[in-house]
Number of protein chains: 2
Amino acid sequence: MIFSTSEENYIKSIFHLQQFAELVNTNALATEMNTRAASVTDMLKKLKTKKLVQYEKYQGCKLTEVGKKVALAIVRKHRLWELFLVDKLRFDWDSVHPIAEELEHISSEELVNKLSDFLGNPSFDPHGDPIPDKNGKIPLLNQQCLSDIPIKKIVTISSVSNQSAQMLEMLKHYHIVLGTQIMILKKFEFDGSSEIKVIKKNVCIISEQVTKNLFVHDIQKKK
Amino acid sequence: MIFSTSEENYIKSIFHLQQFAELVNTNALATEMNTRAASVTDMLKKLKTKKLVQYEKYQGCKLTEVGKKVALAIVRKHRLWELFLVDKLRFDWDSVHPIAEELEHISSEELVNKLSDFLGNPSFDPHGDPIPDKNGKIPLLNQQCLSDIPIKKIVTISSVSNQSAQMLEMLKHYHIVLGTQIMILKKFEFDGSSEIKVIKKNVCIISEQVTKNLFVHDIQKKK
DNA sequence: AATTAAATTTAGATTTGTCTAAATTTAATT
DNA sequence: AATTAAATTTAGACAAATCTAAATTTAATT
């Protein structure tokens with residue numbers, strides 16, 4: 001079955017929002033997709049007839065099993081393309097998202113699989129996010145939120161949950177990329193901010209908002 | 001300026017048909033694009049207001065200078081992606097066209113240029129067609145049509161003008177790919193067909209139609 | 001030159017995805 | 001429980017790209 005770019009974007013957004021709530025409500029989707037609630041309602045009706053979402057008037061929606069498969073296929077494509085752009089074409093990791101948003105809608109399944117082979121069937125993208133395999137299986141990585149890590153412990157950055165351009169730009173400024181090793185020197189009760197040592201490099205102060213969006217794991221990460 | 005996929009496809013088709021005639025008429029475009037004459041008329045009006053084509057009612061159309069630049073940019077993308085698919089992802093050269101048709105509409109200019117760098121800024125695609133550079137300049141190759149080549153002369157296949165799936169499949173069957181060296185053993189007056197020796201391999205008979213669509217150059221081709 | 005045929009355009013309809021504004025339903029608060 | 005507020009849906013409109021069928025223009029032929 002083939003889907004329009006628009007349908008795919010809705011599915012992807014619902015998949016994303018389902019991480020935070022069992023049911024995704026119309027307004028949240030409208031905000032996420034930068035559109036109006038009325039448009040969302042229209043699309044949800046359509047996705048329902050295609051059996052991609054469960055949806056009852058006024059009750060919000062969630063993906064069906066089929067919908068989830070479709071979402072995972074799109075996520076897979078997105079992340080593989082991001083990795084390709086960074087590793088092969090030498091893009092900066094903070095600039096590949098919008099291009100991958102286009103590439104992820106190229107339909108050929110053979111293309112995705114050959115791309116994956118070409119990249120060595122990787123498990124994580126340049127932001128540290130896991131890449132679902134052919135069957136939609138997501139590799140696991142035992143990671144913790146930086147805000148839950150005690151001071152003086154060396155950890156490795158493994159993913160960034162808020163991937164806004166602003167956030168990525170800021171991390172870049174502090175020389176914090178995937179795989180970077182850091183240590184919390186001090187936590188300030190006052191505003192939740194933390195003093196961070198970027199191993200072998202600089203020291204910086206980052207806000208609580210940032211620590212909540214950075215995920216880390218113990219020392220060496222294996223891909 | 002940004003164009004829709006549909007607009008880009010029209011521009012590309014007009015560019016293609018302009019090789020054969022000064023003015024491209026509506027029906028020819030409709031056939032090429034697999035659509036109806038009425039739809040073509042609608043689009044031509046639109047492309048005219050965008051100054052991409054010159055068009056007068058009932059008189060056919062041709063690309064403006066700007067239109068040509070746009071067309072060359074699309075051709076560049078298409079051919080770079082084809083080369084990527086064949087050289088890097090290991091697709092067969094006769095199966096990449098439909099995928100490149102999708103990839104050519106990805107907009108990022110930076111992407112195209114980095115892709116070109118990654119591929120070593122090549123001048124020819126897997127079908128032997130020249131790849132326009134950043135500025136739309138097309139590399140030349142002094143090639144001749146196979147039907148104009150005398151017998152007993154060894155030449156190298158450099159491009160295929162009719163790239164229908166059927167044609168490509170047939171060439172593949174005879175082990176004729178880009179760079180293949182061949183020699184005409186005999187030409188039959190009766191039907192224009194030719195007996196061909198594929199150097200170091202098989203002998204085969206190909207029709208006049210095929211010889212008219214194969215282009216060759218002397219012995220060794222340099223890329 | 002008149003007639004016929006072919007090519008092209010117009011007019012009006014359709015589909016997809018979107019929108020605004022009004023109506024309806026659900027949730028929150030007095 | 002009644003009222004207000006927030007969320008959601010409906011109704012109707014719009015733009016892009018397409019289509020069919022009818023009208024028009026150009027080209028070809030008698």
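Every chain is numbered from 1 and lettered A, B, ... according to where its sequence line falls, protein lines coming before strand lines. Here the structure is a predicted model, which is why all the values come from computation and not from measurement.
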Colleague: Are side-chain heavy atoms of B:Val160 and B:Met167 found at a separation under 4.5 Å?
Modeller: yes
Colleague: Taking 4.0 Å as the cut-off, does a side-chain nitrogen or oxygen of B:Thr41 come that near to OP1 or OP2 on C:dT9?
Modeller: yes
Colleague: Does B:Ser4 make a side-chain N or O approach to OP1 or OP2 of D:dA16 shorter than 4.0 Å?
Modeller: no
Colleague: Using Watson-Crick or G-U wobble pairs with both distances under 3.5 Å, give me DNA chain D in dot-bracket, 5' to 3', with [ ] for crossers and | for pairs to another strand.
Modeller: ||||||||||||||||||||||||||||||
Colleague: Would you tell me if any nitrogen or oxygen in the side chain of B:Lys57 comes within less than 4.0 Å of OP1 or OP2 on C:dT10?
Modeller: yes
Colleague: With sugar-phosphate meaning primed atoms plus P, OP1 and OP2, does A:Asp42 contact a base, only sugar-phosphate, or nothing at under 4.0 Å between heavy atoms?
Modeller: base
Colleague: For D:dT18, does either OP1 or OP2 sit under 4.0 Å from a side-chain N or O belonging to B:Arg36?
Modeller: no
Colleague: Would one find a side-chain N or O of B:Asn27 under 4.0 angstrom from OP1 or OP2 of C:dT8?
Modeller: yes
Colleague: Restricting to side chain to side chain contact (heavy atoms under 4.5 Å, CB included), what partner residues turn up for A:Glu101, sequence neighbours left out?
Modeller: A:Lys12, A:His78, A:His97, A:Glu104
Colleague: Output yes when at least one side-chain N/O atom of B:Tyr55 is less than 4.0 Å from OP1 or OP2 of C:dT8, else no.
Modeller: no
Colleague: Respond yes when some side-chain nitrogen or oxygen of B:Tyr58 is under 4.0 Å from OP1 or OP2 of D:dA23, and no when none is.
Modeller: no
Colleague: Any idea which of D:dT26, D:dT18, C:dA7 is nearest the B:Asn25 side chain?
Modeller: C:dA7
Colleague: Between A:Thr35 and C:dC19, is there a contact of a side-chain N or O with OP1 or OP2 at under 4.0 Å?
Modeller: yes
Colleague: Look at the side chain of A:His127 and the backbone N and O of A:Trp93, then say whether any donor-acceptor pair between them is shorter than 3.5 Å.
Modeller: yes
Colleague: Do A:Phe15 and A:Tyr10 have ring centroids that are under 6.0 Å from one another?
Modeller: no
Colleague: CG of A:Leu47 versus P of D:dT9: gap in Å, rounded?
Modeller: 13 Å
Colleague: A:Ala38 has a side chain; which of C:dT8, C:dC19, C:dT10 sits nearest to it?
Modeller: C:dC19
Colleague: Ignoring backbone atoms, establish whether A:Thr26 has a side-chain N or O less than 4.0 Å from OP1 or OP2 of D:dA7.
Modeller: no
